[in-house]
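Questions regarding the structure given below will be posed in turn.
Computed from a predicted model, the values in this text were never measured in an experiment. Each chain gets a letter, A, B and so on, in the order the sequences are listed, and its residues count up from 1.
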Amino acid sequence: MTQFLSTAPYKGTRDFLPAEMSVRTQVFSKLYAVIESYGFERYDGPLLEPVELYEAKSGSELVNEQLFTLTDQGGRRLALRPEMTPSVARMIAANAPQLAFPARWYSHPNCHRYERPQKGRVREHWQINVDVFGSESLEAEVEIFELIHDMLCSLGAKPSQYEIRANDRVLAHSALRTYARIPDESLGKVMRVLDRWEKYPRDVVLKQLGELGLDSASITACEELTAKDFAGICAVAAPEDVAKSRLATILNSGMTNAAVRFDPLIVRGLDYYTSTVFEVFDTNPENRRSIFGGGRYDNLTALFSKQRIPGIGFGMGDVTLMDFLSGHGLAPAPNAGAQVVVLPLSPATRTPLKEAAARLRRAGLRVTTPHEDTQLGKELKKADKCGAKVAVIIGEDELARGKLVVRDLRRSTQREVAREDITAAVLAVLEHVD
RNA sequence: GUGGGCAUAGCUCAGUUGGUUAGAGCAGCAGACUGUGGCUCUGCGGGUCGCGGGUUCGAAUCCCGUUGCUCACCCCA
């Protein structure tokens with residue numbers, strides 16, 4: 001008995017059949033175009049990185065539990081990249097002397113994390129990464145916010161369908177320190193508990209804060225902070241920190257028209273963020289979740305060199321993005337492989353068939369021809385099923401008069417045209433069909 | 001790592017208090033219609049009922065285990 005292997009892809013990974021690939025390609029092509037319109041340049045990097053690259057700054061949870069790791073034949077510990085930011089920081093640090101800053105770079109790598117798959121989360125996803133390196137200017141933040149709006153707009157999303165929520169770790173930490181008397185070493189942990197504020201019952205969160213060693217006065221103060229708006233947070237944070245906060249300065253000065261809502265509960269899990277952090281949320285009541293996010297990381301290149309190169313950027317994964325688009329009816333329809341089929345009516349018409357196909361391909365059209373001579377009816381049926389819009393039919397009767405038949409598969413109409421006029425005739429059909 | 005739901009034809013799913021030969025729609029193939037598709041009609045092929053064990057005269061159905069998928073939790077890009 002033959003034991004067949006499973007045809008299912010490994011848990012949490014996906015096969016992209018042509019129809020899904022077409023959707024993905026269309027969506028991401030639009031995003032690439034918008035990103036490049038801001039002058040960003042595309043780069044790429046290795047799938048494998050030393051584990052140490054993530055141990056330093058990404059956070060212990062990610063490294064200890066979610067990393068796909070392996071050991072090479074030389075005993076080196078490697079990981080499938082779980083995110084791109086450390087890699088790009090490495091590349092920037094390595095090439096800093098030759099680069100012109102600010103460097104606007106983007107990429108579209110596949111990233112891996114070992115975890116239980118669920119809605120919006122898989123083990124391999126494709127994530128667009130957009131980063132600006134070497135700019136201390138607040139305009140870097142503004143540019144990122146505006147770019148995000150333009151990217152989502154290019155996919156047909158309306159501003160009401162999503163929301164950029166932002167926080168600033170400088171500001172949040174200051175408010176926790178001065179208002180809630182949280183010691184510096186607990187700031188990260190407290191922030192992470194507060195991140196659950198909207199998800200958990202009030203008493204659960206308060207209890208978790210107590211478990212971090214906070215006294216009741218601090219816990220009450222933390223609760224009060226979660227309810228404060230931007231002005232309220234600024235009022236209780238140390239004035240010098242408010243002045244230092246990049247996000248506070250941007251919002252106070254009205255530097256951007258891009259809609260950005262201050263949210264004291266935006267935390268983000270990665271340790272390397274230093275000030276501005278943000279997440280883009282779906283406003284669809286069926287899918288109230290974060291689609292993607294990012295932030296400013298001013299010390300990441302310090303892993304590699306003395307040169308201080310601040311960065312800000314975000315990663316946008318395909319899984320949550322597609323959920324967002326589908327939820328709003330914005331996912332594009334797949335494109336057909338071939339627009340035109342050229343069909344022979346007898347083996348004798350093979351040569352003119354090849355000539356016609358070549359002529360159409362030179363005009364930039366996607367063209368197929370059948371490999372075997374079968375019934376015309378079946379070929380037409382197949383062509384329709386594959387999504388072709390036009391059939392060029394080559395019969396000996398017409399050929400004798402120097403003509404070919406161009407059939408509009410959608411309208412079921414056809415006409416004879418001279419062999420030289422075939423391209424124009426096909427284009428004319430495609431024009432009114434699309 | 002924890003918990004819920006699901007698993008029957010290529011796909012989506014029916015399947016009665018356990019009852020003998022497990023069905024439908026769609027898809028596929030063939031034909032009606034060998035130089036014109038979508039519609040219609042006719043016929044055909046296709047199932048170890050996820051896997052293993054148990055209960056029973058008898059299991060797709062009940063029980064136990066296991067694997068897979070999925071949703072949620074943990075955590076989070």
When only distance counts, do a donor and an acceptor, one from the side chain of A:Glu115 and one from the base of B:A77, lie under 3.5 Å apart?
yes
Can you pull out the residues from residues 328-337 of chain A that lie within a 4.0 Å heavy-atom distance of RNA chain B?
none
Check for a donor-acceptor pair, side chain of A:Arg177 on one end and backbone N or O of A:Leu187 on the other, with a separation under 3.5 Å.
no
Check salt bridge (charged side-chain N to carboxylate O under 4.0 Å, His left out) between A:Asp15 and all other residues, then give those that pass, not counting sequence neighbours.
none
Identify the residue among A:Leu99, A:Ile92, A:Ile312, A:Leu300 that makes a side-chain contact (heavy atoms from CB on, under 4.5 Å) with A:Phe133.
A:Ile92
Considering only the P atoms, how many Å lie between B:A22 and B:A30, rounded to the nearest integer?
28 Å
In residues 318-326 of chain A, what donor-acceptor pairs under 3.5 Å come from side-chain atoms, sequence neighbours left out?
{"unit_1": "A:Asp318", "atom_1": "OD1", "unit_2": "A:Arg14", "atom_2": "NH2", "d": "3.4"}
{"unit_1": "A:Asp318", "atom_1": "OD1", "unit_2": "A:Trp126", "atom_2": "N", "d": "2.9"}
{"unit_1": "A:Asp318", "atom_1": "OD2", "unit_2": "A:Arg14", "atom_2": "NH1", "d": "2.9"}
{"unit_1": "A:Asp318", "atom_1": "OD2", "unit_2": "A:Arg14", "atom_2": "NH2", "d": "3.0"}
{"unit_1": "A:Thr320", "atom_1": "OG1", "unit_2": "A:Ile291", "atom_2": "O", "d": "2.7"}
{"unit_1": "A:Ser326", "atom_1": "OG", "unit_2": "A:Met322", "atom_2": "O", "d": "2.6"}

Got A:Leu265 and A:Asn167 here, is their nearest side-chain heavy-atom distance under 4.5 Å?
no
Could you state the atom-to-atom distance from CH2 of A:Trp126 to C1' of B:A77 in whole Å?
16 Å
Could you tell me whether A:Asp408 contacts a base, only the sugar-phosphate backbone, or nothing, with contacts defined as non-hydrogen atoms closer than 4.0 Å?
base
Can you check the distance between B:U2 and B:G46, where both ends of the measurement are the C1' atom (answer in whole Å)?
41 Å
Distance, C1' atom - from B:C39 to B:U12, rounded to whole angstrom:
23 Å
Over all strands shown, is A:Gly317 touching base, sugar-phosphate only, or nothing at heavy-atom distances under 4.0 angstrom?
nothing
Distance, rounded to the nearest Å, where A:Arg407 contributes CZ and B:G37 contributes C1'
7 Å
Whole-angstrom distance between B:C71 and B:G53, as gauged at atom P:
32 Å
Got a salt bridge between A:Glu398 and A:Arg401, using NZ or NE/NH1/NH2 to carboxylate O under 4.0 Å?
no
When you compare B:G15 with B:U20, how far apart are their C1' atoms, in angstrom units rounded to a whole number?
15 Å
Take atom OH of A:Tyr114 and atom C1' of B:G1, then tell me their distance rounded to the nearest Å.
10 Å
Does A:Asp384 have any salt bridge (charged side-chain N to carboxylate O under 4.0 Å, His left out) partners at least two apart in sequence or in another chain, and if so, which?
A:Arg410
Stems in RNA chain B, runs of 3 or more consecutive Watson-Crick or G-U wobble pairs with both distances under 3.5 Å, sorted by first number, are B:1-7 with B:67-73, B:10-13 with B:23-26, B:28-32 with B:40-44, B:50-54 with B:62-66
May I ask you to say what A:Leu343 touches in the nucleic acid, namely base, sugar-phosphate or nothing, with a heavy-atom cut-off under 4.0 Å?
nothing
Atom-pair distance (CZ on A:Phe278; P on B:A77), nearest Å
12 Å
Answer yes or no: are there more than 12 heavy-atom neighbours, outside A:Phe16 itself, under 6.0 Å from its atom CZ?
yes
Mind jotting down which residue pairs meet the salt bridge (Lys or Arg N to Asp or Glu O under 4.0 Å) criterion with at least one end in residues 34-45 of chain A? Sequence neighbours excluded, please.
none
Write out all pairs satisfying salt bridge (Lys or Arg N to Asp or Glu O under 4.0 Å) with one or both partners inside residues 131-157 of chain A, taking only residues at least two apart or from two chains.
A:Arg104-A:Glu143, A:Glu136-A:Arg308, A:Glu141-A:Arg246, A:Glu141-A:Arg296
Could you tell me how far apart A:Glu379 (CD) and B:U36 (P) are, to the nearest whole angstrom?
14 Å
Check the distance between B:C11's C1' and A:Leu17's CG and give it to me in whole angstrom.
13 Å
Only counting residues at least two apart or in another chain, list the ones meeting salt bridge (charged side-chain N to carboxylate O under 4.0 Å, His left out) with A:Arg165.
A:Glu163, A:Glu198, A:Asp263
Taken to the nearest whole Å, CG/A:Asp195 to C1'/B:C76 is 9 Å
Separation of the P atoms in B:G47 and B:C11, to the nearest angstrom:
13 Å
Residue pairs fulfilling salt bridge (Lys or Arg N to Asp or Glu O under 4.0 Å) with at least one residue in residues 338-357 of chain A, sequence neighbours excluded:
A:Arg350-A:Asp373, A:Glu355-A:Arg419
So, does A:Ser37 use its side chain to make a donor-acceptor pair with the main chain of A:Val34 at under 3.5 Å?
yes
Roughly, in whole Å, what's the span from OH in A:Tyr54 to C1' in B:C76?
16 Å
Nucleotides 25-35 of chain B: protein proximity per nucleotide (B base, S sugar-phosphate only, - neither; heavy atom, under 4.0 Å):
---S-SS---B
Determine the Euclidean distance between corresponding P atoms of B:C49 and B:U21; express it in Å to zero decimal places.
14 Å
Given the P atoms of B:A9 and B:G4, what is the spacing between them in whole Å?
26 Å
Name the pairs: protein N/O against N/O of nucleotides 66-71 of chain B, kept only if under 3.5 Å.
{"unit_1": "B:C69", "atom_1": "OP2", "unit_2": "A:Lys11", "atom_2": "NZ", "d": "2.7"}
{"unit_1": "B:C71", "atom_1": "OP2", "unit_2": "A:Lys119", "atom_2": "N", "d": "3.4"}

Apply salt bridge (charged side-chain N to carboxylate O under 4.0 Å, His left out) to A:Arg359 and list each qualifying residue two or more places apart in sequence or on a separate chain.
none
Give A:Arg196 one of three labels, base, sugar-phosphate or nothing, depending on what nucleic acid heavy atoms sit under 4.0 Å from its own.
sugar-phosphate
Can you tell me if A:Arg407 uses its side chain to pair, donor with acceptor, with the backbone of A:Gln414 under 3.5 Å?
no
